[in-house]
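Working notes, structure below.
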There are 2 protein chains.
Amino acid sequence: MIDPFAADLLRGHTDTIVLGVLRVRDRYGFEIYKQIRDATGGDHEIKEATLYAAYRRLVKDGLVEAYWGDESQGGRRKYYRITDAGRAVYRRNVDAWVATRRTIDSLLDLKGS
Amino acid sequence: MIDPFAADLLRGHTDTIVLGVLRVRDRYGFEIYKQIRDATGGDHEIKEATLYAAYRRLVKDGLVEAYWGDESQGGRRKYYRITDAGRAVYRRNVDAWVATRRTIDSLLDLKGS
DNA sequence: GTCAGGTACTTGATCAGATACAGTAGTTGG
DNA sequence: CCAACTACTGTATCTGATCAAGTACCTGAC
């Protein structure tokens, strides 16, 4: 962790990040968790509980569909599939992120004006 | 407002943004509010209540000092001055923001891996 | 063969930042 | 005079993130 503020800095982006992962292909919950953890080199872990809450929210909103894998042996895995609505929201949120990034950049650079 | 997610997208950056404004010179509360509102062209307003809560937090943490202006006439204005501790935290938070920006960029670009 | 540690999912309680809402008070412009 | 704006404050509420704990299964080391 770079610093303890990381949680709130990522706040609001969780759903979009999950949609971004699912955009490529279906994945099960823990797999998404590991991928995010590994992709950031441990700098910005998103906690399991946070992600599972996000999955529920995304399913409830119809942005993602859930189904149980058919692992005949081994532990159960719940897979998630992004919907068309989810893809639309993803694109919208990426645009919002780009705008937010620009806004914060400019606010942190405020000269006396 | 670009979209209703903006609030959570800025979340966690409020304190840093305020410190960034005060880094240049002392300002009173409402002035900071107006400057942020205007600087973003209305895209990302930070609500008054949010900012005044941030001022209290910053003062409590010793990152900012408050003092009443001496407007002999006209409404009262409470000014804020950044402390050395505040400047240090500001630099630290800007670094954190740069790291977070990179993290989110990479997470939103995750290819199947 | 058992025990630690990893995989995998879930739930309930709690925290903190952001906001809604309401209020106080002085100022300015038509 | 009165609406709109400046300027600050307090309280209650919402929500996403986290903590803490638990269930259950599997694998590898000893």
Side-chain angles (χ1 to χ4, degrees), chain A residues 1 3-19 26-38 44-61 63-64 66-80 93 100 103-104, chain B residues 1 3-19 26-38 44-61 63-64 66-80 93 100 103-104:
Chain A
M1 278 298 198
D3 77 63
F5 297 98
D8 265 333
L9 296 187
L10 283 184
R11 193 187 182 104
H13 300 290
T14 305
D15 291 10
T16 307
I17 290 169
V18 170
L19 289 175
D26 294 6
R27 289 182 190 274
Y28 59 92
F30 203 70
E31 189 181 12
I32 298 170
Y33 163 73
K34 282 185 299 184
Q35 180 163 4
I36 293 172
R37 187 191 56 192
D38 297 346
H44 291 279
E45 183 189 19
I46 299 182
K47 297 293 186 298
E48 279 183 78
T50 302
L51 286 171
Y52 284 106
Y55 304 154
R56 279 199 296 277
R57 196 164 49 233
L58 290 167
V59 168
K60 181 174 70 63
D61 293 344
L63 307 184
V64 152
Y67 59 95
W68 287 103
D70 59 352
E71 284 76 28
S72 41
Q73 76 277 29
R76 60 185 183 159
R77 291 173 169 174
K78 190 187 269 187
Y79 284 82
Y80 296 97
N93 286 4
T100 300
T103 296
I104 296 178
Chain B
M1 278 299 199
D3 78 62
F5 296 99
D8 264 334
L9 296 188
L10 282 184
R11 193 187 181 104
H13 301 290
T14 306
D15 291 9
T16 307
I17 289 168
V18 171
L19 290 175
D26 294 7
R27 288 181 190 276
Y28 60 92
F30 203 70
E31 190 182 11
I32 298 171
Y33 164 73
K34 283 185 298 184
Q35 180 163 5
I36 293 171
R37 187 190 57 193
D38 297 345
H44 292 280
E45 183 189 19
I46 300 182
K47 299 291 185 298
E48 278 182 78
T50 302
L51 286 173
Y52 284 107
Y55 304 154
R56 280 196 295 276
R57 195 163 50 233
L58 290 168
V59 169
K60 181 174 70 61
D61 294 344
L63 307 185
V64 152
Y67 59 96
W68 287 104
D70 60 352
E71 285 75 28
S72 42
Q73 77 277 31
R76 59 182 183 163
R77 290 172 170 175
K78 191 188 270 188
Y79 285 82
Y80 298 96
N93 286 5
T100 301
T103 296
I104 296 177

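Below, chain A is the first sequence line, B the second, and so on; all start at residue 1.
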Please report, rounded to the nearest Å, how far the [atom2] atom of [N] is from the [atom1] atom of [X].
X: A/Glu48; N: C/dT11; atom1: CD; atom2: P; answer: 14 Å
X: B/Tyr33; N: D/dT9; atom1: OH; atom2: P; answer: 16 Å
X: A/Tyr52; N: C/dG12; atom1: OH; atom2: P; answer: 17 Å
X: A/Leu9; N: D/dT18; atom1: CG; atom2: P; answer: 11 Å
X: B/Arg56; N: C/dT19; atom1: CZ; atom2: P; answer: 14 Å
X: B/Lys78; N: C/dA25; atom1: NZ; atom2: P; answer: 16 Å
X: A/Arg76; N: D/dC26; atom1: CZ; atom2: P; answer: 12 Å
X: B/Arg77; N: D/dC8; atom1: CZ; atom2: C1'; answer: 12 Å

Give, for atom [atom1] of [X] and atom [atom2] of [Y], the distance between the pair rounded to the nearest 0.5 Å.
X: B/Thr100; Y: B/His13; atom1: OG1; atom2: NE2; answer: 6.5 Å
X: A/Ile32; Y: A/Glu48; atom1: CD1; atom2: CD; answer: 12.0 Å
X: B/Arg77; Y: B/Phe30; atom1: CZ; atom2: CZ; answer: 10.0 Å

Original post:
What heavy-atom pair brings B/Leu9 and A/Ile104 nearest, and what distance separates the two atoms?
Top reply: O-CD1, 4.5 Å
Original post:
Looking only at heavy atoms, what is the nearest atom pair of B/Leu63 and B/Leu19, with distance?
Top reply: O-CD2, 4.1 Å
Side chain of [X] only, heavy atoms from C-beta on: which candidate in [options] is closest?
X: A/Lys34; options: D/dT9, C/dT7, C/dC9; value: C/dT7
X: A/Lys47; options: C/dC9, D/dC19, D/dC8; value: D/dC19
X: B/Ala49; options: D/dT9, C/dA20, C/dC9; value: C/dA20

Original post:
Can you tell if the side chain of A/Ile36 reaches within under 4.5 Å of the side chain of A/Glu45, non-hydrogen atoms only?
Top reply: no
Original post:
Can you find a heavy atom in the side chain of A/Tyr33 that is under 4.5 Å from one in the side chain of A/Tyr28?
Top reply: no
Table of protein N/O atoms under 3.5 Å from nucleotides 13-16 of chain D N/O atoms:
| unit_1 | atom_1 | unit_2 | atom_2 | d |
| --- | --- | --- | --- | --- |
| D/dT15 | O2 | A/Arg11 | NH2 | 3.3 |
| D/dG16 | O4' | A/Arg11 | NH2 | 2.9 |
| D/dG16 | N3 | A/Arg11 | NH1 | 3.4 |
| D/dG16 | N3 | A/Arg11 | NH2 | 2.8 |

Original post:
Hey, are B/Glu31 and B/Tyr79 close enough side-chain-wise for a donor-acceptor pair under 3.5 Å?
Top reply: no
Original post:
Between A/Tyr55 and A/Tyr80, does the ring centroid distance fall short of 6.0 Å?
Top reply: yes
Subject >> A/Tyr28 vs C/dC9: side-chain N/O to OP1/OP2 distance below 4.0 Å >> reply: no
**OP:** Treat a base pair as Watson-Crick or G-U wobble with both distances under 3.5 Å, then lay out DNA chain D in dot-bracket form, 5' to 3', with | for cross-strand pairs.
**Re:** ||||||||||||||||||||||||||||||
Original post:
Starting at the 5' end of DNA chain D, which residue's closest nucleotide do you reach first, B/Gly29 or A/Ile46?
Top reply: B/Gly29
